[in-house]
Structures are given as C-alpha cells and as structure tokens.
Novice: 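Structure provided below as structure tokens; questions to follow.
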There are 2 protein chains.
Amino acid sequence: MTETRTAAPGDAADDPSAPPATPASRTERAAAVTLSDVARAAGVSLATASRAVNGSARKVRPDLHDRVLAAAASLGYSANGPAQAMARGRTSVVGLVVHDIADPYFSTMAAGVVRAAEERGLVVTIGTTGRDPVKEAQHVAALRGQRASAVVVVGSRTGEAPVQARLAEEVAAFEAAGGRAVLVSQESIPVDTVVLQNERGAGDLARALVGLGHRRFAVLAGPPGLLTARDRLAGFRAGASAAGAQVQDELVVHGDFTRDGGHAAMLSLLDAGFARGCVFAVNDVMAVGAMAALRERGVDLPGAVAVAGFDDISTLRDVTPALTTVRLPLQGIGEQAVHLLLQERAASPRTVHVDGEVVLRASTPDLTTGRPSS
Amino acid sequence: MTETRTAAPGDAADDPSAPPATPASRTERAAAVTLSDVARAAGVSLATASRAVNGSARKVRPDLHDRVLAAAASLGYSANGPAQAMARGRTSVVGLVVHDIADPYFSTMAAGVVRAAEERGLVVTIGTTGRDPVKEAQHVAALRGQRASAVVVVGSRTGEAPVQARLAEEVAAFEAAGGRAVLVSQESIPVDTVVLQNERGAGDLARALVGLGHRRFAVLAGPPGLLTARDRLAGFRAGASAAGAQVQDELVVHGDFTRDGGHAAMLSLLDAGFARGCVFAVNDVMAVGAMAALRERGVDLPGAVAVAGFDDISTLRDVTPALTTVRLPLQGIGEQAVHLLLQERAASPRTVHVDGEVVLRASTPDLTTGRPSS
DNA sequence: ACGTGCTTGGATAGCGCTTTCCTGACTGTA
DNA sequence: TACAGTCAGGAAAGCGCTATCCAAGCACGT
C-alpha cells in the first residue's frame, strides 16, 4: 500500500436548498443544532418541540407540529442519540456477539440480524471474540454498560463450566438491567434461545449417507471443546449406528473449525492410511479444506473418498464436486433471534428450534446406483 | 423451523390469570448502580469516583483510588455509556456502512475494521444499504445523530451525481459535527479515502493473461452503474490493448455483482455463441457463477474457456479449477480505514492507495506451454 | 352562571456522568 | 514563622433530551 495525498479538489458539491451544514473550513467544528434551537426557531417550548419531533403519547396541534418540523428541517436538526438514550433510560442498540465476522457462517447470520433490526429502526453493534469464549462474557458486560436494549450471542458453547457460568452471570445481569438477551445454539443458560438441531441434522445426514450405500465413515470433528462440533459428531455417530453402520474411534480426528483445520485433519487421516470411505466434516469450510487435501494427494474424489459437510454456506455451493451438507437457514436464524428479542420477556425462557435439512449433492455418490446423487 | 416452549418446572405459562408468579429473578429490574453509589460506598465525592474509575488528567491519591475501584467492583458497577457520551459530547462508536454484510467482500473488510477498532476500545455499528446508494447518506445522517465519533463507508460509487452529492453533504455535516469519516473506494468526495486500484489491478491482470497466450477476451462486467465494476472493465480493456489484444464490445455483458449475476451473464454469453476464450468476471463471486454456468453447459473449463475474477475471496480459493484473480488485502483495507480514522484530520484529505496483486491459478492455463499456470 | 372534564402548551426536574472552579492541606524557601 | 506555589478532593454546573406536573383554554351539562 502506498500513501499519497490528493489535493482537495475545489469541489463544491453544495446544494443550497439542502441542510446548510457545510462548515466554514475543514478544521472548524460546527456547534450542533439542539432541540432548544429548534424550539426557539419555531416559537414553541422545548417540550412541544420534543413532542413534535419525536413521537409522544401527547398530541401537538397540527399547525405547531408543522412549524416545529419545518424549523427542524431548515436548521438541519438531528437528535442527539446519547441524550435521548439517557433521558429515556435506554438505547435502541442491539449488540451482536460472534466469533469472527469474516466467517460466512457468522456473517450470514449477522446479515439476518441486521436486516431484521434495521427494519425496526434498531442499530446493531458487532463484537467479535476470535473464538475466545471468555470474551463473550466481556462483550455482554460492555453492552450492559452501553445500555444496549438487547444482545444476541452466537454461541461458543465450550462446555467449560466456569466460562459458561461467567456468561450466564453476565447475561443475567444484562437482563436484570432491563435488557433482552437471546443466545443462539446455547442451551445451558436459562434465557431465550435459538437452538440449532445439530445432533438431529447430523443424524439425518448419516442415515441418508448410509442410504446411499456408504458404510465406512471418518469424521473431521472440529475442536474437542466446541459443543456445536461435539453435537454434530455425536449425532452423526448415533445416526450411523441407527442405520447399521459405525464410526470407528480411530477415524475421528479433531482439528480447527476452519478450512485449514479441515485440510490438516484430512491430511492426518490420509497419513493414517485412510483411503476409501466417506468423510463427514462437521462444517462446510472444513469439508472444503478436506477436499483440497484430497485433491493435493491425488485421491479420487468422490470416487474413493466421499465428503460431506454441514451448514450449506452459500459461497461454497459451487465447489466441485458439489458438497453434500446439512442446510441451516442461517439468515433466518439471525432474523429469528431478533424476533425473539422483540417479544416481551416471558415468565420462563423461550426456545426456538431450528432444523437442518440434508442436501445430497455430488460429493457423496449414490453407491447403490453408481451415479452421483442429486 | 418449529417453535416450541421449553416447559418450565411447574409451568404456569398458559394460565392467563396467573400474575407474575416468578420469583424475583426473571421479572424484576434491578436499579443499576450509578457512580454516585460507588462514591458513597467508597466515602468519596462523585468527582473523585469519576476520576478514579475512568482515567483523567487529574490524579487521585492511591489509597482513595483503590478504595473506589474496590467499591465499584463489589457493587458490580458498570459505567453508563450514554451518560458518558453525553457528558463528553462524543461516543466511542465507529459506524460501518456496507452493502451487504453477508457478502464476503464486505464481511472480510468488516473483520478488519472490527479488529482494529476493538483493539482501541471502539465499538463498531454496522449499517447495510442493500446496494441502495441513497441509504448510504441516510446511514451517515443517522450516525451523526448518534454522535458516532467516526464512520467508514465502503462505497457504492454509483456515479449518479445527485446521490453522490447527497452523500458528500452528509459526510461534510458529519465532519462538521466533529466526527471523522473515511470512504473506501470513493474518490470523488473530498474526505479521507482508501482507494482501491481497481483499474490498475485489472490492467495488470489483462497483461498477465495476454502473457499466458490468451487473446480473445470476454468480460462479465457487473452493473453498468457501479464505478468499481466500471473501473475494472476499463482497466482490463486498457491493459489488454496495451498488450496487443482487444476486448470486443459485443463480448462485454453486464449483470448483477453476484454469483447469480455472473451465472446469468455467462449463460447469455454462451447463448450468443461464445465458445472459446478467456472470460474476465469483475469479481470472484461472479466468476464462480460463470464457472457454474460453464459446467452446466458442459464447456471444457479451463480448456475451451478460461476464467478470471477479482478480489481473491478466501472462501472461494478452493473452487476447481483454482481461480485466477487479483488479490485485494480486504482485511487490511478495513484496518487501514480505522488507522486513517484515528489520525487527526489533515488540512486536505488524505488518500491511501491499495494495490491488487495478480494471482495466476489453474483457471487460466498457460497457453504458451500448455500447462496450467502456477 | 358555574362547575366538571378534557385537551394541550409550558415550565422544570432530573437522567448519570465529566469537568470546571474553588478550597484546604501540604510542600519548600526565605 | 511566613508566604508563595502545588496538589488533590469536593461542590456544582451543565451536556440535550424526556417526562412529569401545572395551568390555561374550551366544551359541555346542570
């Protein structure tokens, strides 16, 4: 990256009819227009101006109402958010806490949250944990300080009791302060939750794969501590054995929940002598990493080794062979979370269950017919 | 999605007459502890408490300092953000405005912004426009109301003058109110900017492709209004002709800046009789859509038709054949934007130029040797 | 003619914090 | 001992807004 300065073009993109907020020069700071200014200009009291500019239960006579709005417009008034928040005792901020916003799993959910929130005039802030579960609690605490009206935590579910307890505490404090909290995929804390049916989805997938004639399964299982990964592994195991197949322990290898994690895990599986069968990676990005590893090693894909993932990340739908996976309505999950947020808190925590849907594609051929599935 | 309620122990959820029978915990709102509470508990004045809890130029005697901190901790004090913002006249919020947070181009940049911001204790809010350039200005206006300390707009660059002017106005108003603004890829507004060298990158790509022996080029050019797309097209054209090749007008087809847009554009190109040559899609997601279309039509890829993209989206690095593209350091761009934000406003706007780097992969074979490149 | 209700504008008390400004206690020096 | 010169704590003035309370105006009904 090279740094340069461009001279400010004598650019006067000014529209005289628009808010005359243009400053005298680049260095001066304009004193912001306050509601008092508007009230004075409109010749009404501060109270009336407030009632006119922002809604209120109280009515304002139409002519005054118009006068205030006109004054506000001509002065370029824009309400001071923090002041309103303070007077009202709450903001219109919803905090979103995720591991990594660059990860499509989270960014797709975030898109759902943002969409639903913007529709309702809410602002969403985003906090990332970099997969450090301790930071989740910290973010919730910070959001409490910000007097956010709501928070959605897309969960780590580490299973580490103290960490979990800390989060539970912060969430409780957040709600005690009058905020609403929703967790995604985090069943162990008594608060409104969107539960992803990871176990069931993985089970369905296993059964479907057995149905296609696959019998020998390996699993790229993600980090041992991550409950999401654990559930998917457990579900897959259960589904497989219910259908009469088994997942041998030595064919379960752990690795990061990332593309590179899947790549490395697949490599170690190959090094251990795995050469034929079906590999279930507990999420799509790992599956893609695994496919890359297979390709590098010249393994026939999907002939010798079939691959399946989980999530159905949309940017990954065009890999070849097309990836069999379990579709999760990620954007819808984000929207669901906001809907939950919007509802009054119930006496006991609500839970919304979200099912995954098995999508069979070419990466897992139908061995009963010999042709690729779907 | 199925909605269910988890039964609370001794559930009375469906008894309409039941008063809020839940014990203290879930229904009551705890009065937040304020700094006054802390001051009283520590036996100091409000002023001293403030100075101790949050930094200040003024010093506080060590023993008092500790006493205040201890009191704050034991009461579970957490500063009221809006109140601080109001007293200080400024929040620590940086607003990020993008088209679509689910798009990896934007989410990767967002990750950079968030990372850099969190490092410095800043909160980032995200606003999306859904590719409607008018909403950019609206978001900036809203952020001014929120008294955000900074805003970064990852630009549409529609080239529509009135829309542009409106954004310029809002940005000026934002800065006049004391905020800092940075635009990404938006050269026409006099404000600090991170400029992506789209034209140059596309030119370099074209030259490299000609170097590989490609001569017949088609371009999937994105929406006609989008300057980013236009620049890439123009750069590619210029680069090609500088290297002695041409891009014929009838082989330039426009389409959405998305996977499906690329897919549709490629299809129409094929329908128009294009069957051999090299296709440049102005971004990676379009390129992937194009590859899907080629595959569907049974075109030999990359034998008959080679494909190149732009951006080097990381989740797309594992498509087959591997996609030739121009790498943009997206996360770094986000970080750059924050660095720019952190600096004092200069007398004239700063510009940081970011270069793309051509990455040749298997989707554009080396025709001079017959082997795939890279 | 006189309440009685209703409506609607205005004055004003905070919301929780930062930040002057003031004051008393201390230092060091003559 | 006296006196400027520091230093740190405390009182209090807002920051811009909302919301509560009051009062004035009006339309009725008796």
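Naming convention: chains lettered A, B, ... in sequence-line order (proteins, then strands); numbering from 1 in each chain. Scope of the values below: all heavy atoms of this structure, side chains included, with no hydrogens, waters or symmetry mates. Because the structure is a prediction, the values reported are computed rather than measured.
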Novice: For Arg88(A), which residues count as a salt bridge (charged side-chain N to carboxylate O under 4.0 Å, His left out) partner, sequence neighbours excluded?
Specialist: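 Checked Arg88(A) against salt bridge (charged side-chain N to carboxylate O under 4.0 Å, His left out); zero matches.
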
Novice: Can you name the residues that form a side-chain contact (heavy atoms from CB on, under 4.5 Å) with Ala141(A), not counting sequence neighbours?
Specialist: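 Result, side-chain contact (heavy atoms from CB on, under 4.5 Å) vs Ala141(A): Glu170(A).
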
Novice: Can you build the contact string for nucleotides 14-25 of chain C? Use B for base contact, S for sugar-phosphate-only contact, and - for no protein heavy atom under 4.0 Å.
Specialist: -BBBBBBB----

Novice: Provide, to the nearest angstrom, the distance between the CZ atom belonging to Arg40(A) and the P atom belonging to dG10(C).
Specialist: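 Atom CZ in Arg40(A) sits about 14 Å away from atom P in dG10(C).
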
Novice: In chain order, what residues pass the side chain to side chain donor-acceptor pair (under 3.5 Å) check against Gln331(A), with sequence neighbours excluded?
Specialist: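 For Gln331(A), no residue satisfies side chain to side chain donor-acceptor pair (under 3.5 Å) once neighbours in sequence are set aside.
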
Novice: Chain B on DNA chain D: first and last contacting nucleotide, 5' to 3', under 4.0 Å to a heavy atom?
Specialist: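 Here the contact window of chain B covers dA8(D) to dG16(D).
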
Novice: Once salt bridge (charged side-chain N to carboxylate O under 4.0 Å, His left out) is applied, do any residues pair with Glu119(A), and if so which ones, sequence neighbours excluded?
Specialist: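 By the salt bridge (charged side-chain N to carboxylate O under 4.0 Å, His left out) rule, Glu119(A) matches Arg115(A).
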
Novice: Would you mind listing every side chain to side chain donor-acceptor pair (under 3.5 Å) that reaches into residues 67-78 of chain B, with sequence neighbours excluded?
Specialist: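 Those involving residues 67-78 of chain B do not exist here.
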
Novice: Excluding sequence neighbours, so at least two apart, what forms side-chain contact (heavy atoms from CB on, under 4.5 Å) with Ser92(B)?
Specialist: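 Per chain and number, Ser92(B) pairs via side-chain contact (heavy atoms from CB on, under 4.5 Å) with Leu122(B).
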
Novice: Checking Glu118(A) now: which residues fulfil salt bridge (charged side-chain N to carboxylate O under 4.0 Å, His left out) with it, not counting sequence neighbours?
Specialist: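 Partners of Glu118(A) under the salt bridge (charged side-chain N to carboxylate O under 4.0 Å, His left out) test: none.
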
Novice: Hey, what bend do you get for the helix from dA1(C)-dT30(D) to dA30(C)-dT1(D) if you fit axes on five pairs at each end, rounded to 10°?
Specialist: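 Roughly 50°, once rounded to the nearest ten degrees.
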
Novice: Quick one: ring pair (Phe, Tyr, Trp, His ring centres under 6.0 Å) partners of Phe106(B), sequence neighbours excluded?
Specialist: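 For Phe106(B) the ring pair (Phe, Tyr, Trp, His ring centres under 6.0 Å) partners, ignoring immediate neighbours, are His99(B).
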
Novice: Only counting residues at least two apart or in another chain, list the ones meeting salt bridge (charged side-chain N to carboxylate O under 4.0 Å, His left out) with Asp132(A).
Specialist: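 Partners of Asp132(A) under the salt bridge (charged side-chain N to carboxylate O under 4.0 Å, His left out) test: none.
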
Novice: Counting N and O atoms only, with roles assigned by atom type, does the side chain of Thr34(A) sit under 3.5 Å from a partner on the main chain of Ser36(A), one being a donor and the other an acceptor?
Specialist: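 Side chain of Thr34(A) to backbone of Ser36(A), a donor-acceptor pair under 3.5 Å: yes, one is there.
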
